[in-house]
Amino acid sequence: MPSTIIETAMTSEEVRVRFAPSPTGLLHVGNARTALYNWLFARRMGGKFLLRIEDTDVERSETRYEAQLMEDLQWLGLEWDEGPGTGRAGDPLENERGAYGPYRQSERQSTYAGLTQKLLDEDKAYRCFCSPEDLMAEHHLAVQEHRPQVYSGRCRRLSREEVEQRIAAGMPFAVRLKIGDEPLRFHDIVRGPVEFAPEAVSDPILVRSAQNGGPGMPVYNYVVTIDDALMQITHVIRGDDHISNTPKQVAIYRAFGWPVPEFAHLSTILGADRERLSKRHGATSIASFREMGYLPEALVNYLALLGWGAEDGKTETFTLAELVHAFKLERVTPSPAVFDFDKLNWLNRHAIKQTPSSRIADLVWASFGERLPARADASEAVHAWVARLVELIAPSVDKLDELAPKAACVFGFDPDAARALPENHAVLAADSARIVLAELADRVRTNSAKVTPELFKSWMNEMKAVTKVKGKELFHPVRIALTGVHSGPEFDKLLPLIEDGAELGLGIPCVHERVERFVGV
RNA sequence: GGCGCUAUCGUCUAGGGGUUAGGACGUGAGAUUCUCAAUCUUAAAACACGGGUUCGAUUCCCGUUAGCGCUACCA
């Protein structure tokens, strides 16, 4: 049995933390924030961050979620030191690294039975033969009398003979832990000392009664505690929905004589309506944030700020490395935080500006449409040109998925669609617009040179002088003729991009072609 | 109903027995631009309420209120 391991528990000073999700759905921001804080704490303390999969709920657990989960964690940049996915790929036995495995709860079932027997033998736990009906009745009575609804401890007082008789008679039983008279205390790094009265906890179930003669299934609170202890977890960092579970777990640590770890209960993330953030609030999974075009750097930065602040009270933008340096668990706020997309967007905009445009280009490549060859097939010149395009349009965008529509000013030239656009009607209907476009067509017809910003500027100046049209009336129709819409990037950069793009053999029309097709020369 | 956690601008937060209560997002205004953004400048905006303790509380204590969590032989 793992007793040798237990004896050495906590003897080393090394910090060991864990992220223990159940693979019953997509990783959402709340859990991701928990994972992040665990990871940051481990990295800052030079400790270990482990991943444990709590897949004992066979009905709801799915392996595809487990795979997705690991992918999401990796995307965020949160590498784990022990757990599934850390070993040699392809080999299920070598698939996890770490001395405290297995790291999937479903593979640890054999560990628990022996420990339960030990508790029973030491009289720290007892068999409870109460039927669900009995328990239900107790519960209702307690509610009626405004008392805490806890187990009466009836079976705790059974004599050894009575217990033996019932076992012999084949009565199903659950195993309960004996709670003593001592208050159940623990230290919470974000909330300070927390104490529960033992009466409020009562004797919790450790192992469920067996359905059909087989061994009963151990209960969640029991299993996490054992796993955490055997894995020598020193700091349990998790959601605050576990605060009420903690006294039970403390009692279990005590029963086994194991050292109680430090706890840090993180507040809930709320939606704008101040209700717990959920699918109802829209996309909240990490996968969906990635799809929407959020950069992992931005998401990590935002999640760090949601419940924590820098020491100087001012710094808002952090890289992962900077966070490792600055993050202190003691500075985590205990109060719940409302998730704010506006601030996330601002951070994402910032992250986009910090990122080389070639990397952004790679990320959005496929969304730019058929004119572009597959990323792998594209020439260096095409890559460089796409990066230039991204550099031009990316700084004004909140999310990556806004890039493709913006890129349409280069890729999506369609005169008929441009004319059909309602917001273009008024601009194109003006007399001045007709005159301006006629002048533009004139110049295109009589000058076949590649259109440089200088040439274009001289054209515009001439046209302004000739037509006496200026400002919006002058520029808007030209812009529509060239790009289909009346707003977009500055011409000085846009024009070279179009002209160079036209030479790439991607079927991107040059300025001349655009004007000719739009005005109909 | 019981037990627990929480409470500073709209939002995320800093602060802390005496402060002009600081920063950021968002919002308003201005600048800039052919345009929309972006960008820069600037403004408005907060200590939930009631009792204590104290010379003095937003800060410490106790209540109230509100929000949230747990209240299972779920995880």
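Chain naming here is simple, since letters A, B, ... match the order of the sequence lines and numbering starts at 1 in each.
In this structure, A:Glu402 atom CD and B:A38 atom P are separated by 11 Å, rounded to whole Å. Going from atom CG of A:Asp134 over to atom P of B:C73 covers 13 Å, rounded to whole Å. Distance, A:Glu316 CD to B:A24 P: 8 Å, rounded to whole Å. For the pair A:Arg331 CZ and B:G23 C1', the computed distance is 13 Å after rounding to whole Å. Look at CD on A:Glu275: it is 16 Å from P on B:A66, rounded to the nearest Å. For the pair A:Leu277 CG and B:U11 P, the computed distance is 16 Å after rounding to whole Å. The separation between A:Ile393 atom CD1 and B:C36 atom P is 19 Å, rounded to whole Å. For A:His242 and B:C68, the NE2 to P distance is 19 Å, given to the nearest whole Å.
Judged by distance alone, with hydrogens and angles left aside, A:Arg276 brings no side-chain donor or acceptor close enough to the base of B:C68 to form a pair under 3.5 Å.
Contacts of A:Arg274 with the nucleic acid, taken as non-hydrogen atoms under 4.0 Å apart, involve only primed sugar atoms and P, OP1 or OP2. Within the 4.0 angstrom heavy-atom criterion, no nucleotide atom of any strand lies near A:Gln144. A:Gly488 comes within 4.0 angstrom of a nucleotide base, judged by non-hydrogen atoms across all strands.
Identified under the side-chain hydrogen bond (donor to acceptor under 3.5 Å, both in side chains) test for residues 425-441 of chain A, with sequence neighbours left out: A:Asp431-A:Arg434, A:Glu439-A:Arg443. Sorted by first and then second residue, the pairs that involve residues 128-143 of chain A and meet salt bridge (Lys or Arg N to Asp or Glu O under 4.0 Å), not counting sequence neighbours, are A:Glu138-A:Arg154.
Atom P of B:G18 sits at a distance of 11 Å from the matching atom of B:C60, rounded to the whole Å. Taking atom P on both nucleotides, B:U53 is separated from B:U59 by 15 Å, rounded to a whole Å. Atom name C1', nucleotides B:U13 and B:A46: the rounded distance is 12 Å, in whole Å.
Of the residues in residues 337-347 of chain A, those lying under 4.0 Å from RNA chain B by heavy-atom distance are A:Ala337, A:Val338, A:Asp340, A:Asp342, A:Lys343, A:Trp346.
Base pairing of B:U39: its partner is B:A31, meeting the Watson-Crick or G-U wobble criterion (both donor-acceptor distances under 3.5 Å). A 3.5 Å limit on both hydrogen-bonding distances identifies B:G10 as the Watson-Crick or G-U partner of B:C25. The partner of B:G4, taking Watson-Crick or G-U wobble pairs whose two distances both stay under 3.5 Å, is B:C68.
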Tabulated below should be each protein N or O lying under 3.5 Å from an N or O of nucleotides 3-5 of chain B; please produce it.
from	atom 1	to	atom 2	distance (Å)
B:C5	O2'	A:Arg191	NH1	2.3

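Minimum atom distance to the side chain of A:His486 is reached by B:U35, of the listed B:U35, B:A75, B:G23. Nearest to the side-chain atoms of A:Lys314 among the listed nucleotides B:G23, B:C68, B:A38 stands B:G23. Checking B:C73, B:A38, B:C34 against the side-chain heavy atoms of A:Arg176 singles out B:C73 as nearest.
Ring centers of A:Tyr302 and A:Trp346: at least 6.0 Å apart, outside the cut-off. The distance between the ring centers of A:Phe413 and A:Phe518 does not fall below 6.0 angstrom.
Nearer the 5' end of RNA chain B, as judged by each residue's closest nucleotide, is the contact made by A:Ala142, out of A:Ala142 and A:Leu305.
Residues forming a side-chain hydrogen bond (donor to acceptor under 3.5 Å, both in side chains) with A:Tyr222 (at least two apart in sequence, or on another chain): A:Thr116. For A:Asp401, the side-chain hydrogen bond (donor to acceptor under 3.5 Å, both in side chains) criterion is met by no residue, not counting sequence neighbours.
Ring-plane geometry between A:Phe41 and A:His235 is classed as perpendicular, the angle between the planes exceeding 60 degrees on a 0 to 90 degree scale with a lower cut at 30. Ring geometry for A:Phe263 against A:Tyr253 counts as perpendicular: the plane angle is over 60°, on a 0 to 90° scale with 30° as the lower cut.
If you run side-chain contact (heavy atoms from CB on, under 4.5 Å) between A:Gln249 and each of A:Val224, A:Val260, A:Val236, only A:Val224 comes through.
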